[in-house]
Structure formats: structure tokens, C-alpha cells
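Below, chains carry the letters A, B, ... as their sequence lines are ordered, and counting in each starts from 1.
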Number of protein chains: 2
Amino acid sequence: MAQKDQAQGTENSGQLDFPRPLATVDVVIFAIRNEGLHVLLVQRPAGAGEPFPLAFALPGGFVDVAKDRDLEACAVRKLKEKTGVTSPYLEQLGSWGSAGRDPRGWSATHAYFALMPEEAGRAALAPDAQWFPVVAGKIKPKLAFDHGEILTAAVERLRNKVEYTSLPAYLMPAEFTLPDLQRVYEIVLDRPLEKSAFRTRILSADMIEPIAKMRRGPNRPAQLYRLKKGREPVYFVRTFNPPE
Amino acid sequence: MAQKDQAQGTENSGQLDFPRPLATVDVVIFAIRNEGLHVLLVQRPAGAGEPFPLAFALPGGFVDVAKDRDLEACAVRKLKEKTGVTSPYLEQLGSWGSAGRDPRGWSATHAYFALMPEEAGRAALAPDAQWFPVVAGKIKPKLAFDHGEILTAAVERLRNKVEYTSLPAYLMPAEFTLPDLQRVYEIVLDRPLEKSAFRTRILSADMIEPIAKMRRGPNRPAQLYRLKKGREPVYFVRTFNPPE
DNA sequence: CCGACTTAGTTGTACAGTGCAACTTACTTA
DNA sequence: TAAGTAAGTTGCACTGTACAACTAAGTCGG
């Protein structure tokens with residue numbers, strides 16, 4: 001809630017002349033590439049006065065009070081501007097704000113969490129944007145600001161939700177098989193799942209529908225499916241076979 | 001991520017002289033009072049230039065870059081200052097930011113979600129703070145700003161998490177019985193739960209421990225329990241008997 | 001042309017936790 | 001001492017998973 005600023009010691013109503021934190025938005029966007037979880041990062045500029053020159057960072061930037069109607073619009077805009085991609089799934093992840101996270105002053109970022117299929121990531125990527133594999137919840141290069149911490153939180157959120165939702169559907173191409181989908185679940189969770197229980201659960205969730213086509217390969221063909229359109233993510237009432 | 005401000009059209013590195021949104025923190029704090037879910041609200045001042053004079057609002061206020069080390073510290077401070085209470089459980093709920101939510105300009109609030117036992121709420125409450133019953137996820141008075149929307153999101157989050165976590169433990173007094181705990185679950189979920197399944201689940205979660213005392217009443221005494229100290233919230237692998 | 005190989009998809013049995021309902025236990029009160 | 005009430009337990013049916021073996025449908029190499 002915004003109220004009169006008792007913090008500044010001025011009790012005059014409507015006084016707004018006190019220092020404000022910097023307000024930014026950052027997006028953690030995941031895709032599966034080459035059988036592994038990847039995250040899209042952008043390299044920071046090297047100009048004078050730039051914090052963390054040439055380090056990699058999450059795509060994002062300052063909220064523009066003239067351009068952005070709201071935070072989500074800002075996230076969509078920043079993602080498009082910084083990386084060139086658009087995401088079919090975007091949710092809030094959380095916010096990080098403190099005196100020290102940005103050398104330019106007290107700043108707070110509104111972090112978003114996004115998923116996209118690999119196919120869409122092959123299109124025009126911004127020149128300084130790049131996909132990085134996520135290994136053990138971390139990234140090789142040390143990230144700018146507290147973005148390493150934000151990324152860790154995003155991976156944890158992804159793992160948690162994949163355990164009991166249909167979120168991986170947003171990581172799939174337009175047409176996919178059930179084993180494809182299961183593989184994506186397994187990649188994110190980093191453990192094998194039971195084939196028959198997986199099939200039962202997904203098929204009874206009414207989230208995908210078979211199309212009149214099979215995936216052909218060197219062995220038995222597999223039924224192709226597509227997402228039912230307009231489907232919100234499905235929440236299961238159990239997790240998959242629990243870790244221990 | 002904070003980066004140079006391309007949005008303002010100035011490409012000079014380190015330029016920070018552009019308008020910043022207002023930054024606030026608000027807290028939705030719940031307690032069970034009189035067999036019902038309640039929220040703690042504060043009445044807004046009536047001074048000239050004050051938005052929503054005398055309306056009720058979530059406790060919160062502007063981030064103070066001098067006083068607040070980070071957002072959570074700001075939430076704790078605001079809760080204490082505005083209402084007088086302190087919460088044993090505080091988590092981020094999300095952020096709401098847009099051009100129109102505050103008549104004083106583009107503003108973004110970082111909303112927190114808190115739980116506390118009723119007993120702690122009986123102590124010194126700030127004079128303009130007041131508990132309101134939550135009926136059907138809503139509050140009787142129309143709230144200031146978009147706080148009605150934030151409250152709705154908080155109730156939804158609470159309901160969702162109570163379905164598969166031990167969060168209600170933070171709504172309990174220091175000593176309580178299993179039927180007490182079950183009643184709190186039922187109040188929040190607004191549906192009855194199975195007694196035997198509930199007991200089995202809670203007792204096998206290793207979150208509470210019996211004390212050498214019984215609750216005596218007009219009928220069979222009930223075993224009293226307390227929370228095991230230092231326990232994080234427990235996540236169950238199933239929800240309770242699903243709504244349909 | 002046939003048998004080895006591989007992956008898709010199904011089936012069967014054991015098990016865990018819930019839903020439902022009846023039951024026992026332990027106390028108060030008339 | 002019997003009735004009443006809430007605490008706590010028990011038993012059985014049911015659902016969905018775990019595990020594992022099985023069948024199905026294709027390619028490929030001899």
C-alpha cells in the first residue's frame with residue numbers, strides 16, 4: 001500500500017519527494033535444447049559506468065513509466081527487446097530488492113519465469129543473447145547482480161511445479177509423442193519416471209489430444225499429440241513418485 | 001536486471017535520471033478468530049491529498065531506502081509500525097505494478113503473505129488497525145487501491161497451499177489438539193476432512209510432537225501437541241480429498 | 001526373407017494412502 | 001449409573017502408483 005511517507009519524517013500529506021528505489025524487471029526463460037535444460041541470457045554492455053561489464057545477465061531492464069502499462073507488459077517488452085523471443089508461458093517468480101544488489105543504488109527487480117519450446121528459440125535471436133545449459137541448477141559463468149540467486153530460485157520453482165503440474169507442456173513443440181513429453185519431465189526432474197503411471201496420468205488429465213499422424217522412426221511408430229488449445233496448466237493431486 | 005536505460009532514449013551509460021515508479025510493500029496477514037478466517041487491515045488517514053481517505057487497506061507503505069536493508073525487512077517493519085503485530089510466517093505473494101493503481105503515479109507494490117495465531121493478535125493492536133472476517137474470499141468494505149485484488153490472490157494462495165502443506169500450523173497457538181488443527185484446515189478449505197486420514201497424514205509428517213498434557217473438557221480429553229521447533233513447512237505428496 | 005534389435009504401448013500384481021463408516025474409549029452431567 | 005459427546009481406532013473398498021513382464025510395430029543386417 002502506498003501511504004503518506006512517515007518514513008521520511010515528513011507528515012505532510014501527499015509528500016512524494018523522497019528517494020525512490022530503482023525498479024526493474026527480469027525474465028528467466030527456459031527451454032529444452034539437446035536433451036538438457038537451458039536458460040537464455042544476454043551479455044551486458046561494456047560502456048563506462050556500466051555495472052558488471054560483459055558479464056551475462058537475465059534479460060530485463062528498467063520499468064518505463066511511459067511505455068509500460070503494468071509489470072507483465074514490461075516483462076514481455078523486455079524479453080522481446082533484449083532477446084528477440086516471445087514466450088507462451090509467463091508467470092511471476094518473485095521480487096528481489098535490497099540496498100546492495102545494484103551498485104547504482106537501492107533497487108528492486110520484479111522477476112518473471114517463462115517457458116518456451118526449442119523450435120521457437122531457433123528464430124532470430126538478438127546478437128548478444130545466448131542459450132546456456134543449466135547444470136545442477138547452476139550456470140557456468142557467474143552472473144551479473146544477484147541473477148545467479150534468481151536463477152536458482154527459478155530452477156527450484158520449475159522443479160517443484162513440474163512435480164505436480166503440466167508445465168512441461170509449454171516446453172514442447174506443436175506436435176509431440178508421450179515418450180517425448182515424459183523425457184522432458186525426466187530432464188527437468190533429473191530422475192526416471194514410471195512409463196505406465198505417467199501415461200495414465202497425462203491421458204486422464206484431458207490436456208492433450210491425439211492427431212491423425214504417427215511419429216515414424218527406426219522402430220515402432222508413436223502416436224503424435226498436440227496441446228488442447230486454451231488449456232490452463234493442469235494441477236495433479238499427487239506428485240510423481242516422490243524422491244525418497 | 002538493472003541496465004542502462006534504453007527506454008528513455010538516452011544511450012549514455014550509467015544515466016539514471018528518468019522517472020522511477022513508486023515502490024511500496026504491503027502485507028496480507030491472516031489469523032483464525034472465532035472459527036473464521038480474518039485479515040488485519042488499517043484505516044487510511046484523511047489528510048488533504050491522501051488517496052482513498054478513511055478507506056481500509058492492507059498494512060504497508062513506501063520502501064525507505066535509508067531504513068530498509070531489503071524488501072522483507074521493509075515488510076516486517078511496516079507490519080510492526082502499522083499494526084503492532086509480528087508474524088511467525090512471512091512469504092512473498094507477488095507484485096502488483098501499473099500506471100493506474102495509485103492516483104499519485106506509476107507504482108509497484110511488493111506484496112507479502114503472513115500467518116499468525118490468534119493469541120498473538122490480542123496484544124497491543126495499533127489504534128487504526130482492525131481484524132476483518134474473510135467471507136467467500138472477500139472482505140465487506142471495499143479496499144483502497146487494488147488491495148481487494150491482492151487479498152483475493154492471498155486467499156487463493158492460502159487455500160491452495162493448505163491443500164498440500166502444513167501451513168495452518170502457523171495459525172495455531174503454542175499448544176493445540178489434532179481436532180483443533182483439523183478444524184483450522186476445514187475453516188480455510190471450507191469443507192470437511194476425513195478424521196482418520198487427517199490424523200495419519202499429520203502424525204506421519206513429523207511436524208508436531210505430543211506434550212505431557214491433555215486438553216480436558218466435557219468429554220474425552222484430547223492429547224495436546226506443539227510444533228517441533230525449527231520445522232520448515234511440510235509439503236505433502238498428495239492433496240487432501242480433492243474437491244470433486 | 002528372417003531374426004535380432006529397439007522403442008511404443010499394455011497388462012498384471014503388490015502396495016500405500018484415502019473415503020467411508022462403524023466402533024471403542026474416556027470423560028461430564030443429570 | 002445411564003446418557004451424551006467428542007477423541008481416537010479399526011476394517012474394508014477403492015484409486016492410483018511401483019515394479020516388472022509382456023505384446024506390438026517398425027528398422028536393419030545378414
Side-chain angles (χ1 to χ4, degrees), chain A residues 35 162-166 172-173 175-187 189-226 234-244, chain B residues 35 162-166 172-173 175-187 189-226 234-244:
Chain A
E35 300 274 305
V162 165
E163 200 76 64
Y164 60 93
T165 69
S166 64
M172 305 305 292
E175 301 179 353
F176 57 89
T177 67
L178 273 176
D180 288 345
L181 183 58
Q182 183 174 346
R183 232 162 277 137
V184 169
Y185 270 88
E186 291 172 340
I187 288 167
L189 294 177
D190 196 28
R191 73 169 190 270
L193 297 182
E194 251 307 303
K195 182 168 51 165
S196 59
F198 181 83
R199 297 176 69 90
T200 308
R201 175 184 289 210
I202 298 293
L203 290 176
S204 64
D206 189 42
M207 50 181 273
I208 61 178
E209 55 191 0
I211 59 178
K213 209 173 6 166
M214 306 289 278
R215 155 93 41 89
R216 310 189 66 84
N219 38 41
R220 178 172 175 171
Q223 179 63 54
L224 280 166
Y225 292 86
R226 68 170 168 227
V234 175
Y235 285 73
F236 306 119
V237 299
R238 295 196 196 180
T239 62
F240 286 102
N241 49 353
E244 73 244 59
Chain B
E35 299 274 306
V162 164
E163 199 77 64
Y164 61 93
T165 69
S166 65
M172 305 306 290
E175 302 179 353
F176 56 89
T177 67
L178 274 175
D180 288 345
L181 183 58
Q182 183 175 346
R183 232 162 278 136
V184 170
Y185 270 88
E186 291 173 340
I187 288 168
L189 294 177
D190 196 28
R191 73 170 190 270
L193 297 181
E194 250 309 298
K195 183 168 52 165
S196 58
F198 181 83
R199 297 177 68 92
T200 307
R201 175 185 288 210
I202 297 294
L203 290 175
S204 64
D206 189 42
M207 50 181 272
I208 62 178
E209 54 192 0
I211 60 178
K213 208 171 10 163
M214 306 290 277
R215 155 94 41 88
R216 310 190 65 84
N219 40 40
R220 178 171 176 172
Q223 178 64 54
L224 279 166
Y225 293 86
R226 67 169 168 227
V234 175
Y235 285 73
F236 306 120
V237 300
R238 296 195 197 181
T239 62
F240 287 100
N241 50 354
E244 72 243 63

Practice item. Rounded off to whole Å, could you give me the CG-to-P distance for the Leu203(B) and dG17(C) pair? Key: 13 Å

Check your understanding: Think Arg215(A) has a side-chain N or O under 4.0 angstrom from the OP1 or OP2 of dG9(C)?
Key -> no

Point to revise | Value in whole Å for how far the P atom of dA20(D) lies from CG of Leu193(A) | key: 16 Å

Review point. With sequence neighbours left out, what residues match Lys195(B) under salt bridge (charged side-chain N to carboxylate O under 4.0 Å, His left out)?
Key: none

Check your understanding: Between dA8(C) atom C1' and Leu224(A) atom CG, what is the distance in whole Å?
Key -> 12 Å

**Study point:** Set of residues satisfying side chain to side chain contact (heavy atoms under 4.5 Å, CB included) with respect to Leu193(B), sequence neighbours excluded
**Key:** Gln182(B), Tyr185(B), Glu186(B), Leu189(B), Arg191(B), Phe198(B), Phe240(B), Asn241(B)

Point to revise | Nearest non-hydrogen partners of Met172(B) and Val184(B), listed with the distance | key: SD-CG2, 3.4 Å

Exercise for review: Could you pull out all residues at least two apart from Arg199(A) that satisfy side-chain hydrogen bond (donor to acceptor under 3.5 Å, both in side chains)?
Suggested key: none

**Study point:** Rounded interatomic separation in angstrom, taking CD from Gln182(A) and P from dT7(C)
**Key:** 13 Å

Check your understanding: How long is the line joining CD of Gln223(A) and P of dA25(D), in whole Å?
Key -> 13 Å

**Study point:** Residues in side chain to side chain contact (heavy atoms under 4.5 Å, CB included) contact with Arg226(B), at least two apart in sequence or another chain
**Key:** Glu209(B), Ile211(B)

Point to revise | Heavy-atom protein contacts under 4.0 Å, nucleotides 20-29 of chain C, coded B base, S sugar-phosphate only, - none | key: BB---BBBS-

Practice item. Could you state the atom-to-atom distance from CZ of Phe198(A) to P of dT17(D) in whole Å? Key: 11 Å

**Study point:** Tyr225(B) vs Ile202(B), side-chain contact (heavy atoms from CB on, under 4.5 Å): CA-CA, chis, key distance, verdict
**Key:** CA-CA 11 Å; Tyr225(B) 293 86; Ile202(B) 297 294; over 6 Å; no

Check your understanding: Using a cut-off of less than 4.0 Å, is there contact between a side-chain N or O of Arg199(B) and OP1 or OP2 of dT10(D)?
Key -> no

Study note, to complete from the structure: From CD of Glu163(B) across to P of dT18(C) the rounded distance in Å is 12 Å

Practice item. Under the side chain to side chain contact (heavy atoms under 4.5 Å, CB included) rule, collect the residues that match up with Ala205(B), sequence neighbours excluded. Key: Met207(B), Val234(B), Phe236(B)

Study note, to complete from the structure: By side-chain hydrogen bond (donor to acceptor under 3.5 Å, both in side chains), Thr177(A) pairs with (sequence neighbours left out) Asp180(A)

**Study point:** side-chain hydrogen bond (donor to acceptor under 3.5 Å, both in side chains) against Glu175(A), all qualifying residues, sequence neighbours excluded
**Key:** Lys213(A)

Review point. Just how far, in rounded Å, is C1' of dT17(D) from CZ of Phe236(B)?
Key: 20 Å

Please list, for nucleotides 12-16 of chain D, all pairs of protein and nucleotide N/O atoms separated by less than 3.5 Å.
residue : atom : partner   : partner atom : Å
dG16(D) : O4'  : Arg238(A) : NH2          : 3.3

